[in-house]
Amino acid sequence: MGDPGGSWLAGLPARAAGSMSTPLREYVEHGSGASVTAGEATQAWGRLRLHPHVLRDVTDVDPSVALLGRTSRAPFGVAPTSLQKAVHPDGEVATARATAAAGAVMVVSSNAGSTFADIAATGVTWWLQVYLPSDRTLAGPLLDRAVEAGAAAVVLTVDTPVVATWHPTQALIWDVADPAWTRVNFGPGHDDQPGSEKALDLGPHDIDWLRDRTGLPVVVKGVLRGDDARRCVQAGAAAVWVSTHGGRQLDRSVSTADALPDVRAAVGEEAEVYVDGGVRSGLDVLTALAAGADAVFVGRPVLHALVDGEAGVARWHAALLDETVEAMRLAGCRTPADTRELLPDTRQERP
Ligand code: FNR
C-alpha cells in the first residue's frame, strides 16, 4: 500500500517549513507560554505501551468509523485551523476537496477565509467550529449561514476565554496577513460591535442553547477532565473533544494522551469522544483509538500538506490511512473498536 514507510509524513514539517514565510511558520508551529504542552504532545502518545493481539485474521481491515451518525472512511479527520489561505491560495477549499475525496470529516474554523458555500460545494462532510461572543445573539448570523450551507455539527471551542499570549515575534503574521484570509463568514462590521469579544462566561447552558439554535449536534472542544466531560454530556453534548488547542492556550496543560482515558471513563458510551494534539503517524492514531477515542483530529500536519494544495492534503490523507491500517494489522485489530483492548489499563467495554 501507498507511501513508503512513514517517511513522507515524518518529513512533512521540514518540507513545509521551506515553503512558508517566517511569520507563517511561527504562527503555525507556536505554542503558548514556554511551549511545554505543545512540545510534549507527540511524545505523550509515544509513552503509551500497547498489548497487541496475534493469531487474528487481519486480511480485511475496516478503519471506518461512524461519527454523529455518518460514516467516515478514516478514524481521523481535519481539525479546525485558521489562515489556510496564507498557506495556499485555495485555502479551505483545497482541504475540503481532498477531505471529501478521502471520505473524512473536515472541521471548519469560524475564522476561515473561504465561504461556507464554497466549502460545502466540494461535497465534504463539514462541521462548524465556533467561539461564542459575550453577546450570544451576535453569533446568530454565522450559525444561520452554516446551517443553511449544510454543516452537520457545531464544535464549540471552550478553551479560549481569552487568546493566550504568544511570543512577540509570532504576532508578526497579522502584519502580513490579508484580511480576506480570515473571518469571511461573519457579516461586515461584526467585530466592531459591542459584545463581539469572546465570552468569559461560557457555561453548560451554552451547549443546550447552541443545540436549540442550530438543531445540530454539539461537540465540545477543549475538554481535559472527566468531571467537565460529564457536565458537557449532561448539558446535551453529542461528543466531547479532548484537546489542548495544539498547546496554544493554557501552557502546562496535561497532554491529551494522558487526559483521554479519564474523559472516556467519565463519559462511558453516552457520547462520542474525540482527541487531537500531536497525532503525526498511524501508530499515534492507533494509540489514540486504544486510549478511548472514537476519532482523532489533526491540525498542523494538514497545514504542512496544504503547502502543495489539494494534492498535498490528498496525499496526507492517503499516507495516514495507510499507516493506520498497517498499525491496526500489526496490532491484530480489524476495526477501530477492536483497538480498545490494546491498553488494558484504560480498556472500556463497548456495548
Ligand atoms: C488551531 N486550532 C484551532 N482550534 C479552534 O478551535 N479554532 C481555530 O480557529 C483554530 N485555529 C488554529 C490555527 C492553527 C495554525 C493551529 C496550529 C491550530 C487548534 C486545532 O484545532 C487543534 O486543536 C490542534 O492544532 C491539534 O494539535 P496538532 O494536531 O496541531 O498537534
Side-chain angles (χ1 to χ4, degrees), residues 9 12-13 16-17 20-21 23-32 35-46 76-88 91-92 95 105-114 126-132 142 153-161 163-164 166 170-174 177 181-186 198 202 218-224 240-250 253 255-257 259-260 274-281 284-285 288 293 295-307 316 320:
L9 285 176
L12 256 185
M20 289 180 175
S21 66
L24 179 60
R25 192 174 61 244
E26 292 193 357
Y27 173 71
V28 169
E29 306 306 338
H30 91 77
S32 52
S35 285
V36 171
T37 300
E40 287 175 352
T42 299
Q43 300 158 23
W45 296 115
F76 54 84
V78 174
T81 56
S82 46
L83 282 189
Q84 296 193 12
K85 281 200 172 169
V87 178
H88 189 277
E92 291 81 5
T95 306
V105 172
M106 173 172 174
V107 184
V108 174
S109 169
S110 50
N111 294 331
S114 305
W126 67 284
W127 302 347
L128 170 68
Q129 174 272 327
V130 289
Y131 301 103
L132 286 182
L142 181 85
V154 183
V155 176
L156 174 63
T157 299
V158 294
D159 56 17
T160 311
V163 176
W166 308 354
Q170 287 158 341
L172 289 175
I173 185 67
W174 301 113
W181 291 342
T182 185
R183 294 174 75 75
V184 300
N185 292 291
F186 290 90
K198 288 190 174 63
L202 280 186
V218 176
V219 179
V220 185
K221 176 174 183 278
V223 177
L224 290 168
V240 172
W241 182 327
V242 178
S243 176
T244 64
H245 211 118
R248 295 158 81 88
Q249 283 298 107
L250 180 69
S253 289
S255 297
T256 55
L260 172 59
Y274 313 139
V275 72
D276 71 18
V279 173
R280 301 292 177 262
S281 67
D284 293 338
V285 173
V296 179
F297 285 86
V298 181
R300 293 180 183 86
V302 177
L303 297 175
H304 298 149
L306 183 61
V307 161
W316 171 80
L320 190 58

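Here the structure is a predicted model, which means the values were calculated and not measured. Remember, it's 1-based here, ligands and their atoms both numbered in the order they're listed.
- Atom 7 (N) of ligand 1 has its closest protein heavy atom at Tyr131 OH, 3.0 Å.
- When hydrogens are left out, the protein atom nearest atom 20 (C) of ligand 1 is Pro80 O, 3.4 Å; that is the closest non-hydrogen contact.
- Distances from ligand 1 to the non-hydrogen atoms of Leu303 include at least one value under 4.0 Å.
- Regarding atom 19 (C) of ligand 1, its nearest protein heavy-atom neighbour is His245 CD2, 3.5 Å.
- Protein heavy atom in closest approach to atom 14 (C) of ligand 1: Arg248 NH2, 3.4 Å.
- Checked by atom type and distance alone, the side chain of Ser109 pairs as donor or acceptor with a backbone atom of Asn111 at under 3.5 Å.
- At least one N or O atom of Gly299, backbone or side chain, sits closer than 3.5 Å to an N or O atom of ligand 1.
- Here the closest non-hydrogen pair linking Ala305 and Trp316 is CB-CB, 3.7 Å.
- Within ligand 1, counting atoms from 1 as listed, the ones closer than 4.0 Å to a heavy atom of Gly277 are 26 (C), 27 (O), 31 (O).
- Across the listed options Ser243, Ser109, Ser82, Ser109 owns the non-hydrogen atom lying nearest to atom 9 (O) of ligand 1.
- Applying the side-chain contact (heavy atoms from CB on, under 4.5 Å) criterion to Ala259, with sequence neighbours excluded, gives Leu224, Val242, Val254.
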Derivation and outcome, side chain to side chain contact (heavy atoms under 4.5 Å, CB included), residues Thr256 and Trp45: CA-CA 9 Å; Thr256 55; Trp45 296 115; 3.7 Å; yes
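- Although no hydrogens or angles enter the test, the distance criterion places a donor-acceptor pair under 3.5 Å between the side chain of Glu92 and the main chain of Ser114.
- Thr157 is linked by a side-chain contact (heavy atoms from CB on, under 4.5 Å) to Gln129, Tyr131, Asp159, Thr160, Lys221, His245, counting only residues two or more places apart in sequence or in another chain.
- Contacts with ligand 1 closer than 4.0 Å are made by heavy atoms of both the backbone and the side chain of Thr81.
- Both the sub-6.0 Å distance and the 45° axial angle are satisfied by Arg248 relative to the ring of Tyr27.
- Both the backbone and the side chain of Arg300 come within contact range of ligand 1, each with a heavy atom under 4.0 Å.
- Inclusion of Gly278 in the set of residues having an N or O under 3.5 Å from an N or O of ligand 1 is warranted.
- Within the structure, ligand 1 lacks Val279 among the residues with a heavy atom less than 4.0 angstrom away.
- For the pairing with His88, the side-chain contact (heavy atoms from CB on, under 4.5 Å) check across Leu303, Leu306, Val307 returns one residue only, Leu306.
- Proximity of Arg280 to ligand 1, defined as any heavy-atom pair under 4.0 Å, is confined to the side chain (atoms from C-beta onward).
- Not one N or O on the side chain of Ser243 forms a donor-acceptor pair closer than 3.5 Å with the backbone of Gly222.
- Under a 3.5 Å cut-off, the side chain of Ser21 and the backbone N or O of Leu24 do form a donor-acceptor pair.
- In this structure, the protein non-hydrogen atom closest to atom 6 (O) of ligand 1 is Thr157 OG1, 2.8 Å.
- Nearest protein heavy-atom neighbour of atom 22 (C) of ligand 1: Asp276 OD2, 3.2 Å.
- Among all protein heavy atoms, the one lying closest to atom 4 (N) of ligand 1 is Lys221 NZ, 3.0 Å.
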